[in-house]
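All values below were derived from every heavy atom in this structure, side-chain atoms included, with hydrogens, water molecules and symmetry-related copies excluded. Numbered from 1 within each chain, the chains take letters A, B, ... in sequence-line order.
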2 protein chains.
Amino acid sequence: MSLPHAILTALLEKPSSGLELTRRFDRSIGYFWSATHQQIYRELGKLEADGLIRALPTQQPARGQKKSYEVLPAGRAELARWTAASQDPKPHRDTLLLRLRAAAVVGTAGLEADLRRHLELHERQLAEYREIEKRDFPPGRDGTEDRLRHLVLRAGIDLETFWTQWLRRAVADVAELPGPERSHPA
Amino acid sequence: MSLPHAILTALLEKPSSGLELTRRFDRSIGYFWSATHQQIYRELGKLEADGLIRALPTQQPARGQKKSYEVLPAGRAELARWTAASQDPKPHRDTLLLRLRAAAVVGTAGLEADLRRHLELHERQLAEYREIEKRDFPPGRDGTEDRLRHLVLRAGIDLETFWTQWLRRAVADVAELPGPERSHPA
DNA sequence: ACGGTTTATGCAACTAGTTGCACAAGGTGA
DNA sequence: TCACCTTGTGCAACTAGTTGCATAAACCGT
């Protein structure tokens, strides 16, 4: 139940239209809370109906016309409430770890290539995060908002660092397992 | 679309009833692929209908009677196919990071306590993983299956290590932000 | 001025996961 | 012996997220 709050946060940072939000989700918030444009439009409709945001006045609010939203006081209050509330961590689900566990039973045939691919993806993501850090968080500036946003970015960097290291080890381990094409039949 | 494969893996490790599976999900596979008993029963039904598993012969298959399942060759084949297939990583969603980002806009009031709580939860999980490592992976034994399972466990350990470290920093950072009860109004 | 691409909004149907409850059998103590 | 608790199985309804497609305006070359 966090998508509405992600949208409220994004809109407080800057009032936007559905498509602008979609783009910003792809670039920054989406790194830890992804959403498609359909989800976003649907949620904008709900938030407006609930009186948490409103469409900025415009000439004709027709289809194909940009429609920007801003957060109302009730929306800010709801976001503050949600941020402060205690929440249990949702269980993670990780397909790759599951596949490795399955490979322990049915064999590792074909797995190594995909591990390498994942390694590359994570390396790319890590590089992107470091780029952002260099650009947006040069040493020195540390207002409150910057501090918190930097903290979030650092979580991303450290997570990707973990994955690249772990995947390198996984690739190496899987590569040196007995025999090519091993597949552990019944 | 991984729950059926998680179940196939678990059943290959050891044929089980629905409830036994539920318990094993809580203890081990569930660390990276959680599932409730309702999900498991539903999926067992589907897997049986699809001919990937079958119920072990028993006396009366009535309600309240244990019913164990084993994997059929078609099930093993499907699991092997899935394990080897290339898959894109699903986007993560992390509420805590989102809340921190929201806090940068609406203020950190009330957040610190929950960060501490999360820190404790991750410390506990980390301790549990280390316990399992000591128990199940003493130095020396390293068959193929052990190697892979140990690799998965190590991912869990490293992930929890990351979280505990990051959360410690987050708690410290949030604690020293300007003023108690800061809340950054419009 | 017309046909194609890009920008922008949105609906509908589907899949996956969660929550809440119902039902049956077997054991246990009063 | 009967009320209650535990174990085990399961349905139904709901919530969240995904996929595929429809629609419309604007911009752009010919």
Side-chain angles (χ1 to χ4, degrees), chain A residues 1-8 10-11 15-26 29-30 32-50 53-56 58-69 82 87-95 98, chain B residues 1-8 10-11 15-26 29-30 32-50 53-56 58-69 82 87-95 98:
Chain A
M1 249 279 299
S2 310
L3 178 57
H5 303 100
I7 291 178
L8 287 171
L11 285 181
S16 310
S17 71
L19 196 66
E20 282 164 355
L21 277 178
T22 304
R23 299 237 165 93
R24 289 169 56 201
F25 266 72
D26 287 344
I29 292 195
F32 47 90
W33 203 276
S34 68
T36 62
H37 69 107
Q38 291 87 344
Q39 275 179 283
I40 288 171
Y41 283 118
R42 209 190 325 175
E43 204 61 47
L44 283 172
K46 278 190 212 160
L47 288 169
E48 191 179 22
D50 292 351
I53 63 175
R54 66 161 184 178
L56 287 175
T58 174
Q59 38 282 28
Q60 59 264 48
R63 253 186 169 211
Q65 289 297 315
K66 238 188 212 178
K67 197 162 68 169
S68 280
Y69 293 90
W82 177 81
Q87 283 178 235
D88 285 326
K90 290 267 163 227
H92 354 74
R93 297 211 161 85
D94 193 300
T95 315
L98 184 57
Chain B
M1 252 280 297
S2 312
L3 178 58
H5 303 99
I7 291 178
L8 287 172
L11 285 181
S16 310
S17 70
L19 196 67
E20 282 163 355
L21 277 178
T22 304
R23 300 238 163 92
R24 289 169 56 202
F25 266 71
D26 287 345
I29 292 196
F32 48 90
W33 203 275
S34 69
T36 62
H37 69 109
Q38 291 86 345
Q39 276 178 281
I40 288 170
Y41 283 119
R42 208 189 327 174
E43 205 60 48
L44 282 171
K46 279 190 213 161
L47 287 168
E48 190 179 22
D50 292 351
I53 63 175
R54 67 161 185 178
L56 287 175
T58 174
Q59 38 283 28
Q60 59 263 50
R63 256 191 164 203
Q65 288 298 316
K66 240 188 213 179
K67 196 161 68 171
S68 280
Y69 293 90
W82 177 81
Q87 282 178 236
D88 285 326
K90 290 267 163 227
H92 355 77
R93 296 211 161 84
D94 191 299
T95 313
L98 184 57

Participant: Using the test salt bridge (charged side-chain N to carboxylate O under 4.0 Å, His left out), find all partners of A:R24 that sit at least two apart in sequence or belong to another chain.
Facilitator: A:E13
Participant: What nucleic acid atoms does B:S17 come within less than 4.0 Å of, heavy atoms only: base, sugar-phosphate, or nothing?
Facilitator: sugar-phosphate
Participant: Please pick, from D:dG10, D:dT18, D:dT7, the nucleotide with the shortest atom-to-atom distance to any side-chain atom of B:K67.
Facilitator: D:dG10
Participant: Rounded to the Å, how far apart are B:E48 CD and D:dT9 P?
Facilitator: 13 Å
Participant: Output the single nucleotide from D:dG17, D:dT7, C:dG17 whose closest atom is nearest the side chain of B:L3.
Facilitator: C:dG17
Participant: Grab the CD1-P distance between B:I7 and D:dT9 for me, whole Å please.
Facilitator: 13 Å
Participant: Select from B:P91 and B:E20 the residue whose nearest nucleotide in DNA chain D is closer to the 5' end of that strand.
Facilitator: B:E20
Participant: 5'-most contact on DNA chain D: B:Y69 or B:K90, nearest heavy atom basis?
Facilitator: B:Y69
Participant: Please pick, from D:dT18, C:dT9, D:dG8, the nucleotide with the shortest atom-to-atom distance to any side-chain atom of A:L19.
Facilitator: C:dT9
Participant: Please report the closest heavy-atom contact between A:Y69 and A:L44, naming both atoms and the distance.
Facilitator: CE1-CD1, 3.7 Å
Participant: Heavy atoms within less than 4.0 Å of DNA chain C: which residues of residues 35-47 of chain B have one? Give them sorted by number.
Facilitator: B:T36, B:Q38, B:Q39, B:R42
Participant: Not counting sequence neighbours, which residues clear salt bridge (charged side-chain N to carboxylate O under 4.0 Å, His left out) with B:E20? List them please.
Facilitator: B:K66
